[in-house]
Protein chains: 2
Amino acid sequence: MESALSSHHDKGQALLYLTDEQLRQGIEAMFFAYRGFTADPDLILEQFSYGRAHHRALHFIKGAPGTTVNNLLNILGVTKQSLNRVLRSLIEDGLVESHIGKKDRRKRHLFLTSEGIKLEQKLSNAQRLRMRSAFRTAGPEAVAGFRTVLEAMMDPKMRITYTNMRDSGG
Amino acid sequence: MESALSSHHDKGQALLYLTDEQLRQGIEAMFFAYRGFTADPDLILEQFSYGRAHHRALHFIKGAPGTTVNNLLNILGVTKQSLNRVLRSLIEDGLVESHIGKKDRRKRHLFLTSEGIKLEQKLSNAQRLRMRSAFRTAGPEAVAGFRTVLEAMMDPKMRITYTNMRDSGG
DNA sequence: AAGTTTATGTCAGCCTTGTTGACATTCCAA
DNA sequence: TTGGAATGTCAACAAGGCTGACATAAACTT
């Protein structure tokens, strides 16, 4: 275990944000912030008897219309069986449409219906509202730092994916 | 819906980080980063047949030895039945001890055993490793911004709680 | 062309961890 | 002594992870 105030050399003050205590606070900040982050959409989802999994599917289909199930699987990091259950209910409820691929007929291309777009907007508006408020409070430099740390924290594979999600294809 | 490039006045560039696109990226960054954040402990937990719920309990008991069940409930934001199940298994497995309060014998004060400390350290070391690496990569200013935005994003009640978790009591 | 392999999607069933509701116990306080 | 608060237990249920088995389509091999 490293000591709380990095002792060996005297980089103490300069690297204060790397002490175990600072890291612990970062960890707890992530935990509590993530709860805030999901709280507002969760309330809406409840009214529709949906869960976060449905929200995630809607979110990423919206961002990449025509995406395939497999691509969604890679993004979401769940099993196809798990995603399928969610997707099926969204399709049954008329929020998502699944079209068989023309080039490769094994593939299903996913789109939001107008109903799906409506719910997705409701959810993302709620989520953006909190994020916008947090961003406004924190200011642009803090936002830049926020983004930088989050990018460094995520799986490198996802780092490429997450701003660049348009793979539409057909 | 607000337009993507806030149109009405000309604050465009100055508030670019508040566009819907920037907010969407913030949202996705949170999603992917949180997954990275939990990935390493999850691997360890699996070996012990525990889940994240166990990790959270261990984490907060470690941070506030002697905390009561009720206090933990408030921090974790789950039902007592849900927490109880997790706590029971941790107690049965000898990682947590529950002591009846002396002042108020209704209360149970929770402590990690040496076994519990061992697992908690294993988990938090793994989690800190990634966080430290992210902090180091991003640099101190980014870390400050990260903290600022997360604090603005969490429930205000938690803002007070999360750096100041020592309520030990006895 | 026929058979095999690979990619994809579906169905069934299990597990964790969240939820409610009902209820016992134990204790503090009025 | 009665009421309320804190804790714990039992039962039942739901969401959303998981694995295994399997169907179909496409691609590859022979």
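Quick note on labels: first sequence line is chain A, next is B, and so on, each numbered from 1.
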Worksheet item: Do the rings of B:Phe32 and A:Phe60 sit parallel, tilted or perpendicular, given the 30° and 60° boundaries?
Response: tilted

Item to complete: Nearest whole angstrom, please: distance from the P of C:dT17 to the CZ of B:Arg85.
Response: 8 Å

Worksheet item: Quick one: B:Leu87 CG to C:dT17 C1', roughly how many Å, whole number?
Response: 14 Å

Worksheet item: Looking at A:Asn70, does any N or O in its side chain come under 4.0 Å of the phosphate oxygens OP1/OP2 on C:dA7?
Response: no

Discussion item. With a 4.0 Å cutoff (strictly under), does any side-chain N or O of B:Asn84 reach OP1 or OP2 of D:dT9?
Written reply: yes

Worksheet entry | Euclidean distance, atom NE2 of residue B:His109 to atom P of D:dA6 [Å, nearest integer] | 13 Å

Worksheet item: Just how far, in rounded Å, is C1' of D:dT7 from CZ of B:Arg105?
Response: 13 Å

Worksheet item: Between B:Arg106 and C:dT25, does any side-chain N or O lie under 4.0 Å from OP1 or OP2?
Response: no

Item to complete: Name the closest nucleotide to the B:Val78 side chain, picking from C:dC28, C:dT8, C:dT19.
Response: C:dT19

Discussion item. Does a side-chain N or O of A:Arg56 approach OP1 or OP2 of D:dG17 to a distance below 4.0 Å, or not?
Written reply: yes

Worksheet entry | Interatomic distance, A:His54 NE2 vs D:dA15 C1' [rounded to whole Å] | 9 Å

Worksheet item: According to a strict under-4.0 Å criterion, is B:Thr79 in side-chain N/O contact with OP1 or OP2 of C:dG18?
Response: no

Practice prompt. Using a cut-off of strictly less than 4.0 Å, decide whether A:Ser82 has a side-chain nitrogen or oxygen near OP1 or OP2 of D:dG16.
Written response: no

Practice prompt. Check step by step if ring pair (Phe, Tyr, Trp, His ring centres under 6.0 Å) holds for A:His99 and A:Phe111.
Written response: CA-CA 8 Å; A:His99 297 315; A:Phe111 300 88; 5.3 Å; yes

Discussion item. If you count every heavy atom of other residues, nucleotides or ligands that lies below 6.0 Å from B:Gln81 atom CD, does the total exceed 12?
Written reply: yes

Fill in: Protein-nucleotide distance (A:Lys80, atom NZ; D:dG17, atom P), rounded to Å
16 Å

Item to complete: Check whether the side chains of B:Glu28 and A:His59 place a donor and an acceptor atom closer than 3.5 Å, and report yes or no.
Response: yes

Practice prompt. On DNA chain C, check which nucleotide each of A:Ser98 and B:Gln81 is closest to and give me the residue with the more 5' one.
Written response: A:Ser98

Practice prompt. Assign the ring pair B:Tyr34 / B:Phe37 to parallel, tilted or perpendicular, where the plane angle (0 to 90°) is split at 30° and 60°.
Written response: tilted

Discussion item. Nearest whole Å is fine: how far is C:dC15 C1' from B:Glu46 CD?
Written reply: 13 Å

Worksheet, complete the sentence: Atom OH of A:Tyr50 and atom P of C:dG18 are separated, to the nearest Å, by 24 Å

